[in-house]
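These numbers come from the heavy atoms of this one structure, side chains and all, not from hydrogens, waters or symmetry mates. Because the structure is predicted, anything quoted here is derived from the model rather than measured. When a ligand or atom number is given, it counts from 1 through the structure's own listing order.
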Amino acid sequence: MQDQNYRILVINPGSTSTKIGIFDSETAILEKTIRHDSAVIDQFDKIIDQYQFRKKTILEALDEEGMNVSKLDAVCGRGGLLRPIEGGTYSVNDAMLKDLRQGYSGQHASNLGGIIAYEIAQGLNIPSYIVDPVVVDELSDTARVSGFSLIERKSIFHALNQKAVARRVAKEVGKPYNESTFVVTHMGGGITVGVHHNGRVIDVNNGLHGDGPFSPERAGTVPAGDLVELCFSGDYYRDEIMKMLVGQGGLVGYLGTNDAVKVEQMIQNGDAKAKQIYEAMAYQVAKEIGAAAAVVSGKADAIILTGGLAYGKEFVGLISKRVDWIADVIVQPGENELQALAEGALRVLRKEESAKIYSVN
Ligand SMILES: Nc1ncnc2c1ncn2[C@@H]1O[C@H](COP(=O)(O)OP(=O)(O)O)[C@@H](O)[C@H]1O
Ligand SMILES: CCCC(=O)OP(=O)(O)O
C-alpha cells in the first residue's frame, strides 16, 4: 500500500561515526551524524563492547530531537560482517545476531547495526531489518584468486552506499544500473573501490583488513613479507597487530587522528608530514582506481567518488588529476546510506519484496 505512511528508524554505525535517521516512508524527518574521536573508540577492546555506548548515543540523540520511538513501525540497521550473502533486505534473526555478536567475518562497527536495531525493535514489538550488508559478495571467479592458494580474496565493502550512489548516478546519466559500468570509490573510515558492471560488483578491495589503499583508520595493503616478520617478532600479540591494521592504521597510525578535516588544518598550519601522508592516501586511491578500471579494459561510464572524504576538495582534486583520463569523475560527497536503509525496509513493509532470511546452512 503506497499511501500508508511507515515511520522507520535507521541506524548506521560507521568506524568514525554513528548516523541515524527517522523516515516517514521515503521522506527523512531527521538525519543526524555523531562523530567519534578515535581516542574514544580505542577504549573498547572489541566492537561488541561498544554496544552500550553506541545505543546510548542513539537514544540520547533521539531524545534531544524530541523523537518518540513508540511511533515507529520498523527499525533498520546497517548490516555487518556476516557470512558472504547476496544483496537485499534481511530480517534480523537469531542466526544473524549470533554471527554479528561474534563478528563472523571480522570486527567492524556495522556489526552493531543489526544488533541495536533488533534490541530497539524488540522492546516495541516491531520488525527489524538490515539492508545490503558489508559482506555482499558478487565477485567474479577471477577476482577471488589472491595468488596464494590458501587464501581467497573476499568482498567486504561499503555495499549499501556504493550500490545506492551507483543507482543514483545511473539514473542521472539516463542509463539503467544493470547496463552500466562504474568504478565507485567510497572514502570513509575505510576506503573501498568497486567495479560495478551490469548491476554486479565484480571486483572490490576488502576494505576492512584485506587490501587496497590506506584510509583514515586502516592500513590497506601492506608488504606481506614484512608483516609476517612483524607477526612473528615476539613483540606483539595477535590482537595488537590486528588493531594496528584496522582502527589504528592509516591516518591514525601516522598522524594520530581519523579526522581528515583536522589533517587539512594541520597541512594549512605547515605540517609537512601531514601533507605527505594525506597526498600518499590520495595517490593510493588513484592507483586502486586505475587497477579497477583495468578490470573493464578502461571502459567505465564514470568514476564515482563518494563518502565523507569526498567533501575534501583538495583531496578529490589530487585523485581526479590522476584518473580523469579514464572516464568522467563524478563526485557525490557523503553517503546515501540512511535513505537506502529506509527504502530497503519500506520495500518489505509495503510487501513489494519479501524479507530475505539469513541462514547458516
Ligand atoms: N568536509 C570534509 N572535508 C574533508 N573530510 C571530511 C569532511 N567531512 C568529513 N570528512 C572526513 O570523512 C571521514 C569520515 O567519512 P564517513 O563516510 O562519514 O565515514 P564512516 O561512515 O566510515 O564513519 C573522516 O575522516 C572525516 O574527517
Ligand atoms: C567494512 C567495510 C565498510 C567500511 O569500511 O565502513 P566504514 O568506512 O564505515 O568503516
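Using a 3.5 Å distance cut-off with no hydrogens or angles, the side chains of Ser15 and His108 do not pair a donor with an acceptor. A donor-acceptor contact under 3.5 angstrom links the side chains of Asn5 and Ser25, judged on distance only. For the residue pair Arg78 and Ser110, no side-chain donor N or O sits within less than 3.5 Å of a side-chain acceptor on the partner. Side-chain contact annotation: His196 with Gln162, donor-acceptor N/O pair under 3.5 Å present.
Contact annotation: for Asn258 versus ligand 1, heavy atoms closer than 4.0 Å belong to the backbone alone. Using a 4.0 Å cut-off between heavy atoms, Ser15 contacts ligand 1 through both its backbone and its side chain. Using a 4.0 Å cut-off between heavy atoms, Glu337 makes no contact with ligand 2 at all. Within the 4.0 Å heavy-atom criterion, the part of Glu264 lying near ligand 1 is the side chain and not the backbone.
Shown in contact with Gly14 at under 4.0 Å from a heavy atom are these atoms of ligand 2, numbered in order with element: 9 (O). Within ligand 1, counting atoms from 1 as listed, the ones closer than 4.0 Å to a heavy atom of Val261 are 2 (C), 3 (N), 4 (C), 5 (N), 6 (C), 7 (C), 27 (O). Heavy-atom proximity to Ser17, at under 4.0 Å, picks out these atoms of ligand 1: 20 (P), 21 (O), 23 (O). Taking a cut-off of under 4.0 Å to the non-hydrogen atoms of Pro216, the atoms of ligand 1 that pass are 25 (O). Of all the atoms in ligand 2, the ones that sit under 4.0 Å from a non-hydrogen atom of Gly189 are 8 (O). Near Ser15, with a cut-off below 4.0 Å to any heavy atom, the atoms of ligand 2 are 7 (P), 9 (O), 10 (O). Against a heavy-atom cut-off of under 4.0 Å, Thr16 is close to the following atoms of ligand 1: 14 (C), 19 (O), 20 (P), 23 (O). Listed by number with element, the atoms of ligand 1 under 4.0 angstrom from any heavy atom of Gly312 are 3 (N), 4 (C). Near Gly189, the atoms of ligand 1 lying under 4.0 angstrom from a non-hydrogen atom of the residue are 19 (O), 20 (P), 22 (O). Ligand 2 places these atoms under 4.0 Å from at least one heavy atom of Ile156: 1 (C). Contact atoms of ligand 1 toward Asp259: 25 (O), 27 (O) (distance under 4.0 Å to a heavy atom of the residue).
Arg218 counts as a contact of ligand 2, since one of its heavy atoms falls under 4.0 Å from the ligand. Under the 4.0 angstrom criterion for non-hydrogen atoms, Arg78 is in contact with ligand 2. Within the 4.0 Å heavy-atom cutoff, Arg35 counts among the residues contacting ligand 1.
The CD1 atom of Ile241 sits 8.5 Å away from the CG atom of Asp235 when rounded to the nearest 0.5 Å. In this structure, CG in Leu72 is found 7.5 Å from OG in Ser70, a value given to the nearest 0.5 Å.
Among Glu335, Lys19, His108, the residue whose heavy atom sits closest to atom 21 (O) of ligand 1 is Lys19. Comparing His158, Lys19, Gln107 by heavy-atom distance to atom 8 (O) of ligand 2, the nearest is His158. For atom 12 (O) of ligand 1, the candidate residues are Ser110, Gly308, Ala260; the nearest heavy-atom contact is made by Gly308.
Taking any N or O of Gly190, backbone or side chain, at least one lies under 3.5 Å from an N or O belonging to ligand 2. Of the polar atoms of Val134, none of the N or O atoms is found under 3.5 Å from an N or O of ligand 2, judged by distance alone. Between Gly190 and ligand 1, no pair of N/O atoms sits closer than 3.5 Å. When only interatomic distances are considered, the shortest N/O to N/O separation between His108 and ligand 2 falls below 3.5 Å.
Annotation for Glu353: atom CD counts as buried by contact number, over 12 foreign heavy atoms lying within 6.0 Å. Other residues, nucleotides and ligands contribute over 12 non-hydrogen atoms within 6.0 Å of the NZ atom of Lys32. Within a 6.0 Å sphere centred on CG of Asn178, heavy atoms belonging to other residues, nucleotides or ligands number more than 12.
Side-chain atoms of Tyr358 come within 3.5 Å of backbone N or O of Arg83 as a donor-acceptor pair. Under a 3.5 Å cut-off, the side chain of Asp211 and the backbone N or O of Thr221 do not form any donor-acceptor pair. Remark: the backbone N or O of Ser155 is not paired with any side-chain donor or acceptor of Asp137 at under 3.5 angstrom. Using modelled atom types, no side-chain atom of Lys154 and backbone atom of Pro84 make a donor-acceptor pair closer than 3.5 Å. At distances below 3.5 Å, at least one donor-acceptor pair connects side-chain atoms of Lys163 with backbone N or O atoms of Gly199.
Between Lys56 and Glu60 a salt bridge is recorded (basic side-chain N to carboxylate O distance below 4.0 Å).
The protein heavy-atom contact nearest to atom 2 (C) of ligand 1 is Tyr311 CB, 3.3 Å.
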